[in-house]
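Here the structure comes first, spelled out in C-alpha cells, and everything after it is commentary.
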2 protein chains.
Amino acid sequence: MLGPMIEARHLRVLRAVASAGSFSAAARELGCTQPAVSQQMKALEGAAGTPLLVRTGREMRLTEAGEALVRHASGILAGLAAAEEEVAALAGLRAGRVRLVSFPSGSSTLVPTAVAAMRADHPGTRVSLVEAEPPRSVEMLRAGDCEIALAFRYEAEPEWGDLVVRPLLTDRLVGLVPEGHPFADADEVGIGTLAEEPWIAGCPRCRRHLVQVCEAAGFTPRIDFATDDYPAVVGLVGAGLGVAVLPELAVESVRPRGTRAVRVTPAVQREVVALTLPDLARVPSVAAMLHHLATAAQR
Amino acid sequence: MLGPMIEARHLRVLRAVASAGSFSAAARELGCTQPAVSQQMKALEGAAGTPLLVRTGREMRLTEAGEALVRHASGILAGLAAAEEEVAALAGLRAGRVRLVSFPSGSSTLVPTAVAAMRADHPGTRVSLVEAEPPRSVEMLRAGDCEIALAFRYEAEPEWGDLVVRPLLTDRLVGLVPEGHPFADADEVGIGTLAEEPWIAGCPRCRRHLVQVCEAAGFTPRIDFATDDYPAVVGLVGAGLGVAVLPELAVESVRPRGTRAVRVTPAVQREVVALTLPDLARVPSVAAMLHHLATAAQR
DNA sequence: AGGCGAGCATAAGGTTTCCTTGGGGAGTCG
DNA sequence: CGACTCCCCAAGGAAACCTTATGCTCGCCT
C-alpha cells in the first residue's frame with residue numbers, strides 16, 4: 001500500500017517497450033521522448049521491486065517479472081480501453097438512456113416530436129417515458145428515477161427551488177364552451193361572465209387554480225365534474241354539460257368536437273418547463289434531450 | 001490520446017466513492033483527505049467528458065457513465081492486483097525460476113548443495129540446470145537462455161568482460177599419478193619432472209592450459225588421451241596409462257581409486273566463478289541463487 | 001427558529017512527479 | 001574509423017498531487 005502503486009501509464013509504457021523492442025522506438029510509438037520512457041520504466045521497476053528487462057548489448061529481453069507484467073498488461077489495458085470507449089460512447093451520444101417523466105398533456109404533444117428529433121440526431125440513445133405530475137415527478141427526479149421531469153406551473157405557484165429549470169413555453173389557457181353556447185363565437189369573454197355556468201375542472205392543481213382565478217373575479221365556480229382526463233373534459237363540454245378552462249396544449253391534443261375555444265380575460269397562463277438536477281444537466285444525453293424539448297416547444 | 005487518460009488511481013477513488021457513498025467516507029477509506037478525493041473525481045469527470053455522479057441533497061448517485069466505469073473498475077483493478085501480486089511473489093522469492101548453466105565438475109559438487117539451500121530457503125522457486133562450458137555458457141547467458149553461468153578461468157586467460165563476476169573459489173590443480181608411481185608419495189613435484197610421462201588431458205581448455213604450463217617449464221607434454229570426462233581421466237590414470245593435472249574439484253567429485261594426488265609446482269590454479277548479466281544480478285531469485293552458490297563454495 | 005454537525009467546494013501553498021532539453025558514453029555497421 | 005543508434009545522466013521547468021484552511025449548504029436536533 002505504501003509503495004508507489006502500478007499505474008496504467010506504467011503498463012502502457014512497458015507494453016510499448018516490449019512490442020517496440022527499444023526505449024527509443026517505444027518513445028516514438030508513445031509520442032514522447034526517450035528519457036521519459038526511461039524514467040517510467042525505472043519507476044515501474046521500483047514499484048515492482050525487481051528488474052523487468054535485461055539489456056544485453058543491442059537487444060532487450062524481458063525478465064520473468066517483466067513477462068508477467070506484460071501478460072497482465074494486455075488484459076488490464078483492454079479493460080481500460082473498453083471502459084474509456086463506453087464512457088466515450090455515452091459522452092458522444094452514441095449511447096445513453098434518458099428517462100423522461102411528463103404530465104399527461106405534455107407527453108402527448110411536446111414529447112413525441114422531441115423524442116423523434118432525439119432519435120434522429122442520436123440513434124444510439126434511448127428515451128423512456130413515464131407519466132406523472134408534480135410533485136410526484138420532482139420526487140422521482142430527486143430519487144434518481146428519471147433524468148428529466150416535464151412540469152407546469154401556474155403564475156401564483158411556488159418556484160422550483162434548486163432544480164435546473166428549462167422554460168419550454170408558456171401555455172395560454174383557453175375557455176371551452178359547447179357549440180351553440182351564447183359565447184361560442186365570441187372573440188373573448190371575461191371570466192366573470194361565466195359565473196353562473198356549470199364548470200368542468202381538470203386535474204387537482206388546475207382546479208385549485210381555477211377557483212383562485214374565479215374568486216379573484218368575484219365568484220366561486222360551481223364545479224360539477226372534475227377529472228384528470230382532458231379528453232373527458234372536452235367530451236363533457238361537447239355534451240353541453242358545462243364550460244371549462246383548459247391549457248391550450250390540452251385542447252390541441254384532443255379533437256375538440258362539438259366545442260369552441262374562446263379567449264378568456266384576464267389572461268391566464270401556465271409555464272411549461274423541463275426540470276432536471278444541476279449535475280444531470282451536464283450529462284450530454286440529458287442536455288441533448290433538453291435541447292430537443294426546447295426546440296420542439298418552439299413549434 | 002490527447003485528453004488525459006484514465007489512470008488506475010482514478011478508478012480506485014471512484015470505486016471507493018461508489019462503495020462508501022460519500023467523498024469524505026471514501027477519503028477515510030483511502031487514507032487521504034477529502035479535497036484529494038474531490039480533485040481526483042473532478043479530474044476523472046474531465047477525462048470522461050461527462051458527469052459521473054449526481055448529488056441530490058444528501059446522497060450521491062452514479063450516472064450511467066459512472067455506473068459503467070464502476071462496472072469496469074472492478075475487473076481492471078482486480079487484474080492490476082493480480083499483476084502486482086505476481087511480481088510481488090517474484091520479488092519476494094515466493095516464486096521465480098533460475099536457469100543455471102554449469103561446467104561438468106562444478107555441477108556435481110557446488111551446484112547440488114547450493115540448489116538444496118535455495119530450495120530450503122525459498123520453496124517457491126525453481127532451479128534448472130544445464131551443463132555447458134564457456135564460451136557456450138556465456139553465449140547462452142547473453143542469449144537469455146539462462147540466468148547464471150558457472151565457469152572457470154585459468155590465470156592466463158582473458159577476463160569476463162562486462163559480465164557480473166561472482167568469485168566462488170579458486171580451484172588448485174593437483175597432479176594425479178597411478179599408485180606405485182615414483183612420485184605417488186611425494187609431497188609435491190615440479191612439473192618439469194613429469195616431462196617424459198604420457199599425459200592424459202581434460203577438456204580442450206584444460207588441455208590448452210596444460211600445454212602452456214608445460215611449455216613454460218621447458219617441455220611439450222606428450223598427450224596420449226584427451227577427454228571431457230573427468231572420471232574417465234581418473235580411470236586412465238588409475239590404469240597406469242599416464243599422469244594428469246586436474247582441478248581439485250574434479251578429483252573430489254570422483255572416488256580416485258588406484259591413484260594418488262600430489263601437489264605440483266609451480267602452483268597452478270583456476271578460478272571458479274558464477275557469471276550473470278548486470279541486470280539479472282539485481283533479480284531477487286538470481287541474487288539469492290548467487291548467494292547460495294557463494295556460501296556453498298565456502299564449504 | 002436557531003444552533004450544530006456532516007459533507008463538499010474552493011483557494012493557496014508546498015511537495016512530488018513528470019517531461020523535456022542537452023550532453024556524454026558504448027556498441028554496431030558501412 | 002566515422003556515422004549512427006541507443007541508452008543513461010543531469011538540470012530545468014511544467015504539471016499533478018496532496019494538504020491545510022475556509023466558506024457554504026443541507027439535514028437534524030433542541
Side-chain angles (χ1 to χ4, degrees), chain A residues 1-14 16-47 51-62 138-139 142-143 161-164 277-279 282, chain B residues 1-14 16-47 51-62 66 138 142-143 161-164 277-279 282:
Chain A
M1 284 290 186
L2 295 180
M5 289 231 163
I6 296 180
E7 288 296 325
R9 171 168 351 101
H10 295 139
L11 297 184
R12 283 186 245 272
V13 172
L14 176 65
V17 168
S19 90
S22 83
F23 284 14
S24 299
R28 284 189 290 273
E29 185 173 307
L30 294 170
C32 66
T33 61
Q34 170 267 317
V37 175
S38 272
Q39 291 177 222
Q40 288 300 317
M41 286 302 302
K42 180 168 294 190
L44 182 54
E45 292 195 335
L52 299 178
L53 35 87
V54 29
R55 284 177 289 282
T56 150
R58 179 58 77 205
E59 65 189 317
M60 311 244 256
R61 200 183 320 284
L62 291 166
V138 174
E139 275 175 29
R142 292 195 188 279
D162 60 342
L163 296 178
V164 170
L277 298 175
D279 293 317
R282 310 193 55 211
Chain B
M1 286 290 187
L2 296 180
M5 291 231 161
I6 296 179
E7 288 296 324
R9 172 168 344 104
H10 296 140
L11 296 185
R12 285 185 243 272
V13 172
L14 176 64
V17 167
S19 90
S22 82
F23 283 14
S24 298
R28 284 189 290 272
E29 184 173 307
L30 294 169
C32 67
T33 61
Q34 167 265 318
V37 175
S38 272
Q39 295 181 104
Q40 288 299 316
M41 287 302 300
K42 179 167 293 189
L44 181 54
E45 292 195 335
L52 299 178
L53 35 86
V54 28
R55 285 178 290 282
T56 151
R58 180 58 78 203
E59 66 187 317
M60 316 244 257
R61 200 183 320 284
L62 290 166
V138 175
R142 292 198 188 275
D162 58 342
L163 296 178
V164 171
L277 298 175
D279 294 318
R282 311 191 53 212

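Quantities reported herein were computed from a predicted structural model and do not represent experimental measurements. The chains referred to below are lettered A, B, ... by the order of the sequence lines, with proteins before strands, and numbering in each begins at 1.
Contacts of R142(A) classified as side-chain hydrogen bond (donor to acceptor under 3.5 Å, both in side chains), with partners at least two apart in sequence or in another chain: D162(A). A search for salt bridge (charged side-chain N to carboxylate O under 4.0 Å, His left out) contacts involving E7(B) returns R12(A), not counting sequence neighbours.
Think of the region where chain B sits on DNA chain D: with heavy atoms and a 4.0 Å cut, that region ends 5' and 3' at dC17(D) to dG27(D).
Side-chain atoms of R55(B) never come within 3.5 Å of backbone atoms of P278(A) as a donor-acceptor pair (strictly under, hydrogens ignored).
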Pairs: protein N or O with nucleotides 26-30 of chain C N or O, under 3.5 Å:
| unit_1 | atom_1 | unit_2 | atom_2 | d |
| --- | --- | --- | --- | --- |
| dT28(C) | O4' | R58(A) | NH2 | 3.1 |

Do any N or O atoms of the protein come closer than 3.5 Å to N or O atoms of nucleotides 13-18 of chain C, and which pairs are they?
| unit_1 | atom_1 | unit_2 | atom_2 | d |
| --- | --- | --- | --- | --- |
| dC18(C) | OP1 | R9(A) | NH1 | 3.1 |

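Between L277(A) and L163(A), the closest side-chain pair of non-hydrogen atoms falls below 4.5 Å.
For residues 31-38 of chain B, proximity to DNA chain D is found at C32(B), T33(B), P35(B), A36(B), defined as any non-hydrogen atom under 4.0 angstrom from a strand atom.
V54(A) approaches D279(B) most closely through the heavy-atom pair CA-OD2, 3.5 Å.
Counting non-hydrogen atoms of other residues, nucleotides and ligands closer than 6.0 Å to CZ of R61(B) gives a total above 12.
One finds the CG atom of L53(A) at 5.0 Å from the CE atom of M60(A) (value rounded to the nearest 0.5 Å).
In this structure, F23(B) places its CZ atom 14 Å from C1' of dT10(C), rounding to the nearest Å.
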Using a 3.5 Å cut-off and no angle test, enumerate the donor-acceptor pairs between side-chain atoms of residues 23-44 of chain A and protein atoms at least two apart in sequence or in another chain.
| unit_1 | atom_1 | unit_2 | atom_2 | d |
| --- | --- | --- | --- | --- |
| Q34(A) | NE2 | S38(A) | OG | 3.0 |
| Q40(A) | OE1 | H10(A) | NE2 | 3.4 |

